[in-house]
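Have a look at the structure below, then the notes.
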Amino acid sequence: AATAYSYFHGYVAAYGDAESHLNIAKRVVDSLTPGFAQLGGIWLPLPHLLLVPFVKFDFLWRSGLAGSIVSGAAFIISSLYLYKLVKLITKSAPASFVAALVFMLNPNILYLQSTPMTELTLIAFSVLSIYFFVRFLYDDKEIASLILAAAFGFCAALSRYDGWLLILIEAGILVLFYLPWREVPKRISQWSKLQGRVILFATLALFSVFLWLVWDGLILGDPLYFTHSDFSAKSQQQSWLARGELPAYYNLPVATLYYFVTSMSNIGVLAFLISLAGLAILLGDKKIPHRFYIFLLLFVPFLFNVATMYLGQSVIFIPHLTPTTFEWTLFNVRYGVMMLPFAAVLIAYLFWRSKMAGRMLIGGLLLAQLALYGVGYSKVISMADGVEGLSSAISKTPDAQPWLRDNYDDGLVLTDDFARTISIIRTPIPMENVIYVGNKPYWEESLKEPEKYATWIVMQQNDEVWRNIYDQPGPNGRLFK
């Protein structure tokens, strides 16, 4: 139903990044220079690889429904394994059902699961990894669980960079878990287990990071290309910093406040407060084995997002916190949805610990939260960003796009795709007729001799095509007579 709503309202590919994810996958199979090199070296590859079988069909690519299929499957897997995670911790089917419901009925997650955005892919692999990791902590004879935790951690780390912190923390927890704290006679065997288990986990899980560094080194000539290239997140934040619009930069309290409010806005104020109450009780509950480790695993998104904002690797603009003097006050708020598994598990835990009156109160507050969304008092903020925020591709149609939609009749199109001068999926242009920065040698040759391949040139002031053609006397003189 949520996907149908997004489709008929034109919201499936409302985010600019949604089309970018679709196009990356499409270029692997259909472009001037198809192949895996089209995956690039900035965004991690696994979400795009999962899209490849579906974007082959033009309707699924142009509509964005290729992404809905992948995100929808991730949504189902996440719901199922949140249920299983709570069942593992509490042994309670009703509490497990509550966790799944809190996740499945959240309007922000319902919207994002209808899109090609990569948050659901990461959530699914993270929840899978955490479930098997906790299962291993509960019985460390289950080596298969540790291997599965590492395997799904490997997938999480190739989905979004948040996954890198998850597998590092899981490896750190293993070290703490096996450190011979108490009984001296067991120290030798504990050290042996520590080395064996950590090596087993890290070899598989951290291999994902190694692969990505090797990929960037081979394809782009720089293993750290994703950290500092012109297309990297850090480079994109420099323009905000130059304008004094990077409020969390090297300001830990502000970074923490921004992500706290962003998480609360995605989860819902009432649901978020219930989860904090659940956290307070969980941390004091000595009957729950490894409760601090469970908390730390679920808390990874908070640590990651606060750190990246503090270091200037990402930015969030959210109403009521972002100064109204800024050009935009709504941007990247979907990052807060990563804390929904944290909230779902803790709400379910509190439900399990409560007596009948407490359970009725929790149920009533959750229904009230849904009602607040229903009447519009609580905004579905992740959808709002895609529809009307800076992340939106549909709130600001490029000038050339409607004209091309009505007049394009064939031929190659030269465009700076990074500048988003047009939305390719909203025009009749086939992907194999697009010349962009990833089409070597067509791109480099076209910037010197644009007439060599292109029938159409789409540019805007100061984009790469503009600087190399319109601003250069040679090509300009040949094209504009």
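Excluded from the calculations below are hydrogen atoms, water molecules and symmetry mates; all remaining heavy atoms, backbone and side chain alike, are included. We're numbering straight along the sequence, starting at 1.
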Here the ring pair (Phe, Tyr, Trp, His ring centres under 6.0 Å) pairs for residues 249-271, sequence neighbours left out, are Tyr250-Tyr310, Tyr259-Phe302, Phe260-Phe272

Hey, could you give me each pair passing ring pair (Phe, Tyr, Trp, His ring centres under 6.0 Å) that has a residue in residues 83-123? Not counting sequence neighbours.
-> Phe75-Phe103

Go through the structure and list residues passing side chain to side chain contact (heavy atoms under 4.5 Å, CB included) with [X], not counting sequence neighbours.
X      : value
Leu372 : Leu270, Gln369, Tyr377, Ser378
Arg291 : Leu282, Lys286, Ile288
Ala150 : Phe201, Leu204, Ala205
Arg426 : Ala13, Glu19, Ala393, Ile394, Gln401, Ser423

Starting from the C-alpha separation in whole Å, work towards a yes-or-no answer on side chain to side chain contact (heavy atoms under 4.5 Å, CB included) for Ile69 and Leu51.
-> CA-CA 8 Å; Ile69 294 170; Leu51 286 170; over 6 Å; no

Salt-bridge test for Glu170 and Arg197: reply yes if a basic N is under 4.0 Å from a carboxylate O, no otherwise.
-> no

For the pair Asp285 and Lys287, find out whether any cationic side-chain nitrogen is under 4.0 Å from an anionic carboxylate oxygen.
-> no

Taking the six-membered ring for Trp and the single ring otherwise, decide whether the centroids of Trp164 and Phe226 are under 6.0 Å apart.
-> yes

Flag the pair Trp328 / Phe331 as yes when their ring centroid distance falls below 6.0 Å, and as no otherwise.
-> no

Specify whether Trp352 and Tyr349 have parallel, tilted or perpendicular ring planes, treating 30° as the upper limit for parallel and 60° as the lower limit for perpendicular.
-> tilted

Name the orientation class of the two ring planes belonging to Trp240 and Phe317 (parallel below 30°, tilted from 30 to 60°, perpendicular beyond 60°).
-> perpendicular

Identify, with sequence neighbours excluded, every residue that meets side-chain hydrogen bond (donor to acceptor under 3.5 Å, both in side chains) alongside Ser79.
-> none

By ring-ring contact (aromatic ring centres under 6.0 Å, His included) - contacts of [X] (at least two apart):
X      : answer
Phe295 : Phe299
His48  : His21
Tyr5   : His9
Tyr7   : none

Pairs flagged by salt bridge (charged side-chain N to carboxylate O under 4.0 Å, His left out) wherever residues 319-343 is involved - sequence neighbours left out | Asp17-Arg334, Glu119-Arg334, Arg243-Glu327

Closest heavy-atom contact between [X] and [Y]?
X      : Y      : result
Phe351 : Ala95  : CD2-CA, 4.0 Å
Ala157 : Ile167 : CB-CD1, 3.8 Å
Val12  : Thr3   : CG2-O, 4.5 Å
Val127 : Ser78  : CG1-O, 4.1 Å
Ile294 : Pro289 : CD1-O, 3.8 Å
Val300 : Leu166 : CG1-N, 3.9 Å

Using the side chain to side chain donor-acceptor pair (under 3.5 Å) rule, take Ser382 and Asn266 through it: C-alpha gap first, then chi angles, then the decisive distance, then the call.
-> CA-CA 7 Å; Ser382 288; Asn266 276 274; 2.6 Å; yes

Non-hydrogen side-chain atoms of Ile173 and Phe133 separated by less than 4.5 Å | yes

Do Ser129 and Phe154 have side chains that get closer than 4.5 Å, going by heavy atoms?
-> no

Do any N or O atoms from the side chain of Thr308 and from the backbone of Phe304 form a donor-acceptor pair under 3.5 angstrom?
-> yes

Any donor-acceptor pair under 3.5 Å linking the side chain of Thr115 with the backbone of Leu112?
-> yes

Give a yes or no on whether Phe326 atom CZ has more than 12 heavy-atom contacts from other residues, nucleotides or ligands under 6.0 Å away.
-> yes

To the nearest 0.5 Å, tell me how far [X] [atom1] sits from [Y] [atom2].
X      : Y      : atom1 : atom2 : answer
Leu279 : Leu283 : CG    : CG    : 4.5 Å
Ile381 : Ser265 : CD1   : OG    : 4.5 Å
Ser391 : Asn332 : OG    : CG    : 5.0 Å

